[in-house]
There are 2 protein chains.
Amino acid sequence: MQDIVQQFVERMGLMMEADGLPRSAGRIFGFLLLAEHPFSLDELADELQVSKASVSTNARLLEQLGILERISSPGDRRDFYRMRQDAWERVMEVGRRRWEAMRVVLSENAESLPDEMQDAKHRLREAAEFHGFLLGEAGTMIERWRAHKRAALAASDAAAD
Amino acid sequence: MQDIVQQFVERMGLMMEADGLPRSAGRIFGFLLLAEHPFSLDELADELQVSKASVSTNARLLEQLGILERISSPGDRRDFYRMRQDAWERVMEVGRRRWEAMRVVLSENAESLPDEMQDAKHRLREAAEFHGFLLGEAGTMIERWRAHKRAALAASDAAAD
DNA sequence: TCGATCGTTCAGTATTGACTGAACGATCTG
DNA sequence: CAGATCGTTCAGTCAATACTGAACGATCGA
């Protein structure tokens with residue numbers, strides 16, 4: 001693996017770890033972000049110097065988070081992983097589900113509080129309202145991002161030529 | 001502690017744990033979300049059945065995340081913690097800082113990649129662009145939230161009377 | 001059907017992370 | 001200044017988590 005790739009992979013491992021995910025998952029993410037083609041489990045295990053079992057678990061985690069996708073070639077029983085083209089939209093979608101779960105909990109508890117806890121009820125309502133607000137904003141944001149992406153990246157790539 | 005409070009506190013502990021934070025921090029958060037008045041370290045340790053050392057560490061963590069604030073009364077050497085009134089705006093601000101850090105890393109690496117890695121460079125540029133986009137959106141979102149909050153909560157409280 | 005090669009799962013292990021109790025410095029009171 | 005009471009820090013302990021190697025079922029070609 002090239003030195004600059006290795007360095008970037010480690011960096012992503014640390015940043016994902018700061019977000020509460022396994023460092024290995026971050027390394028897989030970093031590696032595939034730079035990969036020129038899809039990689040199999042064994043190839044990833046070899047490149048990242050970890051066991052196939054670890055790659056299997058963490059790659060599946062990233063797949064569930066909407067970051068990776070698994071592709072298969074005819075005549076090849078192996079699965080190959082690569083970044084999803086719409087990875088970032090998917091990440092935002094996963095975030096929305098978490099916010100929705102939080103909103104539900106906050107909202108239900110706000111209404112079930114006894115009447116003498118007015119302050120608490122008010123704070124819970126505000127918290128629930130905030131998460132509902134986030135939910136809505138994130139929804140429209142995905143569409144704005146699609147438009148933004150086309151414009152921004154066209155300009156960026158043109159500038160590089 | 002009332003049963004309904006205890007249940008909510010545990011719930012918040014689990015949800016924060018799913019977000020990668022210590023469960024104890026989540027419990028403090030949940031408890032103060034329902035608290036009718038600020039609490040000292042010793043009171044929190046007593047209520048949540050954990051050591052004062054643990055409360056000290058986790059409360060400070062929540063303070064850094066912009067969720068809690070520490071207040072002091074004249075003639076009392078103790079510090080008291082309570083939810084910040086603008087906790088959610090602060091949380092969003094902290095998120096923005098993380099996205100900015102990520103954007104910088106992605107952007108720098110995109111430009112330092114060798115020319116033969118065109119695909120990787122394109123993906124990194126897109127990833128950096130996404131985080132920059134998030135950054136901008138979150139900025140304007142804070143202002144929209146302030147307006148939204150006033151309208152929504154006024155209606156909500158009125159309906160409850 | 002046999003052997004080879006996938007991906008996944010699982011028990012065991014190592015490492016990381018959280019919590020505790022004690023010690024400490026700082027700050028106030030008597 | 002002595003004693004008390006804060007909050008923080010730190011070494012030690014305990015629990016949770018991630019990783020590994022081996023075993024397993026599934027799938028395919030010979």
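First the proteins, then the strands, lettered A, B, ... as listed; each starts at 1.
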*Could you check which of C:dT8, D:dG7, C:dC19 has an atom nearest any side-chain atom of B:N58?*
C:dC19
*Whole-Å distance separating the CD1 atom of B:I28 from the C1' atom of D:dG7*: 14 Å
*Mind checking whether B:F80 and B:V55 sit in one hydrophobic cluster, side chains of I, L, V, M, F, W, Y counted as touching below 4.5 Å?*
no
*Between B:P22 and A:A53, just flag the one whose closest nucleotide in DNA chain C comes earlier from the 5' side.*
A:A53
*Answer with base, sugar-phosphate or nothing: what part of the nucleic acid does B:D76 contact at a heavy-atom distance below 4.0 Å?*
nothing
_Using 30° and 60° as the class boundaries, would you call the ring planes of A:W145 and B:F130 parallel, tilted or perpendicular?_
perpendicular
*Does OP1 or OP2 of C:dT8 have a side-chain N or O of A:S56 closer than 4.0 Å?*
yes
N/O-N/O pairs, protein side and nucleotides 28-30 of chain D side, under 3.5 Å:
none

*What's the shortest heavy-atom distance between A:E36 and B:Q118, and which atoms?*
OE2-N, 4.2 Å
_Expressed as a whole number of angstroms, how long is the span from A:Q64:CD to C:dT8:C1'?_
13 Å
*Pick base, sugar-phosphate or nothing for A:S40, based on heavy-atom distances below 4.0 Å to the nucleic acid.*
nothing
*Proximal nucleotide (of C:dT20, D:dG7, C:dT8) relative to the A:Y81 side chain*: C:dT8
*5'-most by nearest nucleotide on DNA chain D - B:R70 or B:R23*: B:R70
*Within the structure, does a side-chain N or O atom of B:S24 lie under 4.0 Å from either OP1 or OP2 of C:dC19?*
yes
*When the distance from CG of B:L44 to P of C:dT20 is rounded to whole Å, what number comes out?*
13 Å
*In terms of hydrophobic clustering (I, L, V, M, F, W, Y; side-chain heavy atoms under 4.5 Å; direct or indirect links), are B:I28 and B:L14 co-clustered?*
no
_Under-3.5 Å donor-acceptor pair between B:K52 side chain and C:dG21 base_ = no
*Among the nucleotides D:dC6, D:dT20, C:dG7, which one has an atom lying closest to any side-chain atom of A:D42?*
C:dG7
*Figure out the CD/P separation between A:E43 and C:dC6, and round it to whole Å.*
10 Å
*Check the distance between D:dG21's P and A:L41's CG and give it to me in whole angstrom.*
16 Å
_Less than 6.0 angstrom separating the ring centers of A:H37 and A:F39, yes or no?_
yes
*Can A:E93 and A:R96 be counted as an ion pair, charged N to O under 4.0 angstrom?*
yes
*Give A:R60 one of three labels, base, sugar-phosphate or nothing, depending on what nucleic acid heavy atoms sit under 4.0 Å from its own.*
sugar-phosphate
*Considering just the side-chain nitrogens and oxygens of B:R78, establish if one lies under 4.0 Å of OP1 or OP2 belonging to C:dA26.*
no
*Indicate yes or no: does A:R82 engage A:E69 in a salt bridge with an N to O separation below 4.0 Å.*
yes
*Please determine, for the side chain of A:S51, which listed nucleotide (D:dT17, C:dT8, D:dC19) has the closest atom?*
D:dC19
